[in-house]
**Q** 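Handing you this structure, nothing more for now.
Bear in mind the structure is a predicted one, so any value in this text is a computation, not a measurement.
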Amino acid sequence: MAEKSFHVAVAGATGAVGNQMIACLEERNFPLKSLKLLASARSVGKTLKFRGEAIPVEELKENSFSNVDIALFSAGGGTSLKFSPAAAKSGCVVIDNSSAWRMDPDIPLVVPEVNAHAIAQYKTKGIIANPNCSTIQMVVALNPIHRRYRIKRIVVSTYQAVSGTGQKAIVELLEQTRAFLENRSLEKKVYPHRIAFNCLPHIDVFLENGYTKEEMKMVNETRKIMEDESIAVTATTIRVPVIYSHSESINIETEEPISAADVRELLQDAPGVKVVDDPAANRYPMAIDAAGQDLTFVGRIRKDESIANGINMWVVADNIRKGAATNAVQIAEILGKNYL
Ligand code: 25A
Ligand code: L14
């Protein structure tokens, strides 16, 4: 029997994540019947390369999905709220990268290494949500530990790349850096303060409780994906002048006794994880090494000597790939293979 193949659309194709989605479909040899590229009217007239071919960008409209099986959305929350329901209604399955649908109880929130089985719930609304980038890499690293040692509490601080905010933020970091080095005045368009040579304790908007929305995504999405509301999570999310890959300092407290060697051994065989942990040789995960990769890198694994059952670790992954595009394409692969 011939392999099944699908009509796929990418909405937000000209953005940082959309571009990478197209690259992932090509690299992973996704079984395609056709590929449609959608963005706002601003991008009409542009073409993007796929398998050596220049594909024109079309304007995203409600009727863009009549002959589409799977739509990968990464055009921001507002666009997704507006267009995903129409896309789903016309019979395609939407895999959405924005935060718009993630906490909807009728919509599965999926990291294939952790809860691939949840994809089955796509039928209720025809939408599957792709989690927040910082959350994805954290649960890939922590889920195996939780299953074996029961995590009671997670304390995480992030060091997040500007590419999370899209192409325009990459341009802002580069332009501010150049202006700073050339002693010219700096322009601020994307972030409220200079990001070049700085750290901002501010990602997404501030909420009433004093946390940012990005911090609360890490709390709520982690529990939903790991399917355990009892895990206590507290997060501080920081923007750093890095282009690709988020880094995270993670502290966990477990129910069962745990050692650094236990964690190293467990993560050695964990899906989607690569342990890089040889401090004597100056080997530990770094953003510049994770960029362009699909794995989640874990290192600096050590006992938290201040409590009975605690571990500290450093977790790094490419936020645009595993944190967004790769995860979405992995979901599409399972959806196509097992459900469509
Ligand atoms: O709305 P949110 O949720 O706050 O999301 C904010 C941004 O975060 C990115 C994405 O940025 C989004 O716009 N994003 C969303 N989820 C993400 C995630 N999980 C994420 N980033 C990382 N991880 P982006 O710029 O990289 O990508 C945006 C894409 O969405 C398309 N788009 C936007 N609004 C749309 C739309 N498509 C259809 N309908 C709409 N209403 C967008 O296409 C892009 O593909 P575009 O055509 O609007 O922009 C293409 C080029 O145009 C330039 N540009 C952008 N804004 C302006 C502009 N030029 C002039 N004026 C502007 N205001 C850019 O250079 C872009 O390359
Ligand atoms: O997926 O880094 O919810 O500015 C929104 C903010 C992704 C990252 C999401 C950022 C994010 C983003």
Side-chain angles (χ1 to χ4, degrees), residues 12 15-17 73-81 84 94-115 118 127-143 146 151 153-166 169 190-191 199-240 242 245-252 296 315-328 331:
V17 174
F73 267 70
S74 188
T79 308
S80 183
L81 284 171
S84 297
V94 172
I95 301 172
D96 179 50
N97 193 46
S98 81
S99 61
W101 307 101
R102 290 177 187 153
M103 295 313 296
D104 183 325
D106 292 332
I107 290 179
L109 181 65
V110 179
V111 177
E113 289 87 342
V114 178
N115 66 336
I127 302 173
I128 299 168
N130 203 57
N132 165 260
C133 37
S134 302
T135 309
I136 291 176
Q137 68 184 70
M138 183 164 85
V139 299
V140 166
L142 295 188
N143 189 62
H146 183 54
I151 295 174
R153 180 167 184 247
I154 303 169
V155 181
V156 55
S157 298
T158 68
Y159 304 69
Q160 297 188 214
V162 296
S163 53
T165 322
V190 177
Y191 300 122
C199 297
L200 309 177
H202 176 181
I203 297 183
D204 211 331
V205 296
F206 281 99
L207 304 173
E208 292 246 302
N209 65 356
Y211 285 79
T212 63
K213 193 171 163 199
E214 184 78 351
E215 288 161 349
M216 295 315 294
K217 286 178 224 167
M218 292 192 80
V219 174
N220 298 321
E221 294 181 22
T222 296
R223 293 179 176 149
K224 179 166 174 177
I225 300 160
M226 305 230 290
E227 298 172 349
D228 189 343
E229 291 299 316
S230 75
I231 307 172
V233 186
T234 187
T236 304
T237 58
I238 312 293
R239 182 85 57 198
V240 296
V242 165
S245 296
H246 294 347
S247 304
E248 301 179 347
S249 166
I250 300 178
N251 175 269
I252 56 168
T296 295
V315 176
V316 182
D318 186 322
N319 57 306
I320 299 297
R321 289 187 63 105
K322 182 56 189 169
T326 304
N327 198 72
I331 294 171

**Q** Quick one: closest heavy-atom pair of Lys213 and Ser99, and the distance?
**A**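 Where Lys213 meets Ser99 most closely, the heavy atoms are NZ-OG, 3.6 Å.
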**Q** Check this for me: Tyr191, atom OH, are more than 12 non-hydrogen atoms of other residues, nucleotides or ligands nearer than 6.0 Å?
**A**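 More than 12 heavy atoms, drawn from other residues, nucleotides or ligands, come within 6.0 Å of this atom.
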**Q** Can you tell me which residue among Ile154, Val155, Asn220 is in a side-chain contact (heavy atoms from CB on, under 4.5 Å) with Val233?
**A**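 Output: one option passes, namely Ile154.
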**Q** For Asn97 and Ser74, work out which heavy atoms get closest and say how close.
**A**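 Here Asn97 and Ser74 meet closest at ND2-OG, 3.2 Å.
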**Q** Could you tell me the separation between the CD1 atom of Ile203 and the OG atom of Ser134, rounded to the nearest 0.5 Å?
**A** 6.5 Å
**Q** Go through Leu81 and Trp101 one step at a time and tell me if the side chain to side chain contact (heavy atoms under 4.5 Å, CB included) criterion holds.
**A** CA-CA 8 Å; Leu81 284 171; Trp101 307 101; 3.8 Å; yes
**Q** Please tell me whether Glu248 and Gln160 have a donor and an acceptor in their side chains that are separated by less than 3.5 angstrom.
**A**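 Looking only at side-chain atoms, Gln160 and Glu248 do not form any donor-acceptor pair under 3.5 Å.
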**Q** Measure the spacing between CD1 of Ile127 and CG of Leu109 and express it to the nearest 0.5 Å.
**A**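 Here the rounded value is 13.0 Å.
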**Q** What I'd like to find out is whether the side chain of Ile231 reaches to under 4.5 Å of the side chain of Met226, using heavy atoms alone.
**A**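 Of all side-chain heavy-atom pairs linking Met226 with Ile231, at least one is under 4.5 Å.
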**Q** Taking Thr212 for its side chain and Glu215 for its backbone only, find out whether a donor-acceptor pair lies under 3.5 Å.
**A**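 Checking the backbone N and O of Glu215 against the side chain of Thr212, a donor-acceptor pair under 3.5 Å is found.
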**Q** Run the side chain to side chain contact (heavy atoms under 4.5 Å, CB included) check on Val140 and Val111 step by step: do they pass?
**A** CA-CA 8 Å; Val140 166; Val111 177; 3.7 Å; yes
**Q** Can you list every pair that meets salt bridge (Lys or Arg N to Asp or Glu O under 4.0 Å) and has a residue in residues 106-115, with sequence neighbours left out?
**A**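 Qualifying pairs, neighbours excluded: Asp106-Lys125, Glu113-Lys322.
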**Q** Determine, step by step, whether Ile252 and Arg153 satisfy the side chain to side chain contact (heavy atoms under 4.5 Å, CB included) criterion, reporting the C-alpha distance in whole Å, the side-chain angles of both residues, the deciding distance to 0.1 Å, and the verdict.
**A** CA-CA 6 Å; Ile252 56 168; Arg153 180 167 184 247; over 6 Å; no
**Q** How long is the straight-line distance from CZ of Arg223 back to CE of Met218, given to the nearest 0.5 Å?
**A**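 Going from the CE atom of Met218 to the CZ atom of Arg223 covers 13.0 Å.
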**Q** Taking the side chain as every heavy atom from C-beta outward, state whether Thr158 and Thr236 have any atom pair closer than 4.5 Å.
**A**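 Heavy-atom side-chain distance check fails, nothing below 4.5 Å.
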**Q** At what distance, to the nearest 0.5 angstrom, does CD1 of Ile320 lie from SG of Cys133?
**A** 7.0 Å
**Q** If every non-hydrogen atom of Pro131 is compared with every non-hydrogen atom of Ile136, which pair is closest and at what distance?
**A** O-CD1, 3.5 Å
**Q** Check Ser98 against Arg102 and note the closest heavy-atom contact, atom names and distance.
**A** O-NE, 3.2 Å
**Q** Do Arg239 and Thr165 pair up side chain to side chain, a donor and an acceptor below 3.5 Å, judged on atom types alone?
**A** yes
**Q** Salt-bridged, Glu221 to Lys224, with N to O below 4.0 Å?
**A** no
**Q** For the residue pair Asn130 and Ile331, establish whether any side-chain heavy-atom pair is separated by less than 4.5 Å.
**A** yes
**Q** Taking the side chain as every heavy atom from C-beta outward, state whether Lys217 and Asp204 have any pair of such atoms under 4.5 Å apart.
**A**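 They are in side-chain contact.
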**Q** Less than 4.5 Å apart, any side-chain heavy atom of Leu142 and any of Ile151?
**A** yes
**Q** Report yes if some heavy atom in the side chain of Thr234 is under 4.5 Å from a heavy atom in the side chain of Tyr211; otherwise report no.
**A**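 They are in side-chain contact.
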**Q** Identify the two heavy atoms, one from Val17 and one from Ala324, that lie closest to each other, and give their separation to 0.1 Å.
**A** CG1-CB, 3.8 Å
**Q** Does a side-chain heavy-atom distance below 4.5 Å link Ile225 with Thr135?
**A** yes
**Q** Using 0.5 Å steps for rounding, measure from the CD atom of Glu214 to the OG1 atom of Thr237.
**A** 5.5 Å
**Q** Closer than 3.5 angstrom, by distance alone: can the side chain of Asp318 be matched with the main-chain N or O of Arg321 as a donor-acceptor pair?
**A**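 It does hold such a pair.
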**Q** Given Ile238, which partner from the list Pro201, Ser157, Ser249 fulfils the side-chain contact (heavy atoms from CB on, under 4.5 Å) test?
**A**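 Of all the options given, the one that passes is Pro201.
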**Q** Side chains of Asn319 and Ser245 only: does a donor on one sit below 3.5 Å from an acceptor on the other?
**A**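 Side-chain D/A pair, Asn319 to Ser245: absent.
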**Q** Within a strict 4.5 Å, meaning less than it, do heavy atoms of the Asp228 and His146 side chains meet?
**A** yes
**Q** Might you point out which heavy atoms bring Ala118 and Pro108 nearest each other, and give the distance in Å?
**A**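 So the minimum-distance heavy-atom pair works out to O-CB, 3.2 Å.
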**Q** What is the distance from atom CD1 of Ile128 to atom OG of Ser84, rounded to the nearest 0.5 Å?
**A**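 Answer rounded to 0.5 Å: 12.0 Å.
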